[in-house]
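Structure record follows, encoded as structure tokens.
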Amino acid sequence: MSISFRKELDELSAYKPGKPIEDVKKEYGLDEVIKLASNENPLGTSPKVTEALKSEIDNLAIYPDGNATLLKETIADNLNIKPTQVLPSSGSDEMVDMISKTFLDKEDEVIMADITFPRYISTAKMMGAKPVVVPLKDWTYDLDGMKEALTDKTKLIWLCNPNNPTGTMFAEEKLLNFLKEIPKDVVVVYDEAYREYVTREDYPHDSMKLLKEYPNIIIMRTFSKMYGLAALRVGYTMASEEIIENINKIRGPFNVNRLAQVAAISALKDSDFVNKCYEVNKEGKEYLYKEFDNMNLEYAPSETNHIFVNVAEDAQEIFVKLQKRGMIIRPITGTWIRVSIGTMSQNKLFIKLLKEVLN
Ligand SMILES: *Cc1c(COP(=O)(O)O)cnc(C)c1O
């Protein structure tokens, strides 16, 4: 006799993170290693957040507020919605998981793009639901294709705008036309992890107005990217009170830790930091575009803090060669890599090393 595991797990494998900087240093005997692989904020965190955290450090023995009341209220105030329409989570990662657990039964169909955020498909499989994968078109969401993929069994649709790892976006008009056509018993999850970086005006900058019109939409945001709090694991989600209430039923009682709550509240108040990060990212993006143009490398237009670029050689091999030189990026598919936009000196070093490794 031996124990058995849920058969859904046969379809899954554990998430493989990139090598940590310390491991790469040791392995190749390097003093300095730069990671442009995980879309982290190269400017770190707002100094105001660091200050706020110092005053909380003496309270580690005390459980966090399980309801995250103050954080919810701060978010709701900023967005002009009710606190009961907001649910913070331990990163958006946890929210993707909770949404799948809240809605998916076996045999339900879940529409998503390829290539996009990998947690959408893994959590669907985890629940025994059926992923229906619609390829990108020109590295952008094919919303018409996704609409055509609807069946009686469709339960959930994942939209990531702008998309990770391609950095591309779709315009507000396209989103509105899409939502109009989706039956109201299908849940649409709209992941805005990179919204703060978007430069284009035709982006749906005010997604909160969708909440009023569509009771079936869930909007996810995170503190991991623009706010530089990836280590603390905190994100937030907006939806109808009914949806929030139901997700809340499967939420762990203290899912957002005390430091994360304090940091998130403080981060939302420092718009100067956000503005600075936006400018540094925009400048870095323009620099990298210019260098890629000079090198004749094709890339997808990015509205995020990363660029999806065709290095015209095997991405995995380029990844290894760059890593040996102390530069970590993410190989994605074929000859395409994803590089996070860093500080200007990091961007320049990346270009220098990329030129070295390309034939
Ligand atoms: C980084 C990212 C998130 C946020 O992840 P966290 O768990 O909040 O760190 C969510 N969605 C996408 C598409 C991302 O790239």
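Every number for a ligand or one of its atoms is a count from 1 in the order of the listing.
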Which ligand 1 atoms, with their elements, are less than 4.0 angstrom from a heavy-atom of Ala193? 2 (C), 3 (C), 10 (C), 11 (N), 12 (C), 14 (C)

Considering the heavy atoms of Asn164, write down every atom of ligand 1 situated less than 4.0 Å from one of them. 13 (C), 14 (C), 15 (O)

Among all protein heavy atoms in this structure, tell me which lies nearest to atom 7 (O) of ligand 1, with the distance rounded to 0.1 Å. Arg233 NH2, 2.6 Å

Do Lys355 and Glu291 meet the salt-bridge criterion of a basic N to acidic O distance under 4.0 Å? yes

Heavy atom of the protein closest to atom 11 (N) of ligand 1 (residue, atom name, distance): Asp191 OD2, 2.7 Å

As a check for students: among Ser224, Ala231, Cys160, Ala230, identify the option with a heavy atom nearest to atom 13 (C) of ligand 1. Cys160

Contact with ligand 1 for Tyr194, non-hydrogen, under 4.0 angstrom: yes

Polar proximity ligand 1 side, Lys225 side, N/O cut 3.5 Å exclusive: yes

Is there a donor in the side chain of Tyr227 and an acceptor in the side chain of Asp270, or the other way round, less than 3.5 Å apart? no

If the test is side chain to side chain contact (heavy atoms under 4.5 Å, CB included), which one of Glu56, Glu51, Lys48 qualifies with Ser266? Lys48

Flag yes if Tyr194 and Ile341 sit in one hydrophobic cluster, no otherwise; membership is Ile, Leu, Val, Met, Phe, Trp, Tyr, and two members link when side-chain heavy atoms are under 4.5 Å apart. no

Pick from Val96, Thr116, Asn163, Thr222: the one approaching atom 8 (O) of ligand 1 most closely through a non-hydrogen atom: Thr222

Under 4.0 Å to a heavy atom of Gly91 - the qualifying atoms of ligand 1, by number: 6 (P), 7 (O), 8 (O)

Electrostatic pair Glu356:Lys352 at N-O distance under 4.0 angstrom: yes

In terms of ring plane angle, is the pair Phe254 and Tyr63 parallel, tilted or perpendicular, where the classes change at 30° and 60°? parallel

Treat each ILVMFWY residue as a node, draw an edge where side-chain heavy atoms are under 4.5 Å apart, and state whether Ile351 and Phe308 are in one component. no

